[in-house]
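Beneath this line is the structure, given in structure tokens, with notes to follow.
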Amino acid sequence: MKDLVEIIAKALVDSPDQVVVTETKKEDTVVVELRVAPSDMGKVIGKQGRIAKSIRSVVNAAAARDKIKVVVDIVDVQ
């Protein structure tokens with residue numbers, strides 16, 4: 001799932017070299033954290049969170065095939 005989120009995020013942002021994706025497992029859930037440059041945050045979230053919701057939908061569809069639960073967090077870098 002980490003690779004999928006990374007490919008999608010790098011296609012959306014102006015600074016693909018600053019995209020950082022980490023994946024951790026917590027019990028029966030996989031948590032994927034996405035970090036992008038502050039100037040690209042709006043591109044990843046989108047108006048009213050539509051792009052973020054779409055990223056989560058694609059990842060959940062891929063996770064359903066493997067019968068796992070995935071949570072995608074977009075983390076603000078300061």
Side-chain angles (χ1 to χ4, degrees):
M1 295 303 133
K2 175 184 173 184
D3 296 335
L4 178 61
V5 173
E6 189 171 356
I7 289 168
I8 294 170
K10 284 185 177 185
L12 293 171
V13 299
D14 290 333
S15 304
D17 55 321
Q18 292 188 14
V19 172
V20 178
V21 181
T22 57
E23 183 177 273
T24 56
K25 290 190 177 191
K26 294 181 181 177
E27 296 177 19
D28 60 342
T29 305
V30 176
V31 178
V32 179
E33 290 185 350
L34 171 62
R35 289 180 173 82
V36 296
S39 61
D40 290 329
M41 191 62 80
K43 292 180 179 99
V44 173
I45 295 173
K47 288 186 179 179
Q48 297 180 350
R50 287 191 180 127
I51 294 175
K53 186 176 179 182
S54 298
I55 292 171
R56 290 181 178 114
S57 295
V58 169
V59 171
N60 283 328
R65 181 186 57 188
D66 297 335
K67 297 181 179 163
I68 57 174
K69 184 172 190 233
V70 178
V71 176
V72 178
D73 287 335
I74 300 171
V75 182
D76 189 17
V77 179
Q78 298 176 4

Taking every heavy atom of D14 against every heavy atom of K43, the minimum-distance pair comes out as OD2-NZ, 2.6 Å
Value for CD (Q48) from NZ (K53), rounded to nearest 0.5 Å, stands at 10.5 Å
Residues forming a side chain to side chain contact (heavy atoms under 4.5 Å, CB included) with D28, sequence neighbours excluded
none
I45: hydrophobic cluster co-members (side-chain, 4.5 Å):
M1, L4, V5, I8, L12, V13, V19, V21, V30, V32, L34, V36, M41, V44, I51, I55, V58, V59, I68, V70, V72, I74
Supply the members, apart from V75, of the Ile/Leu/Val/Met/Phe/Trp/Tyr cluster built from side-chain contacts under 4.5 Å; use none for a lone residue.
none
Would K10 and E6 satisfy salt bridge (charged side-chain N to carboxylate O under 4.0 Å, His left out), going step by step from the backbone distance to the final call?
CA-CA 6 Å; K10 284 185 177 185; E6 189 171 356; 3.2 Å; yes
Residues T22, R35; criterion side chain to side chain contact (heavy atoms under 4.5 Å, CB included); working and verdict
CA-CA 9 Å; T22 57; R35 289 180 173 82; 3.9 Å; yes
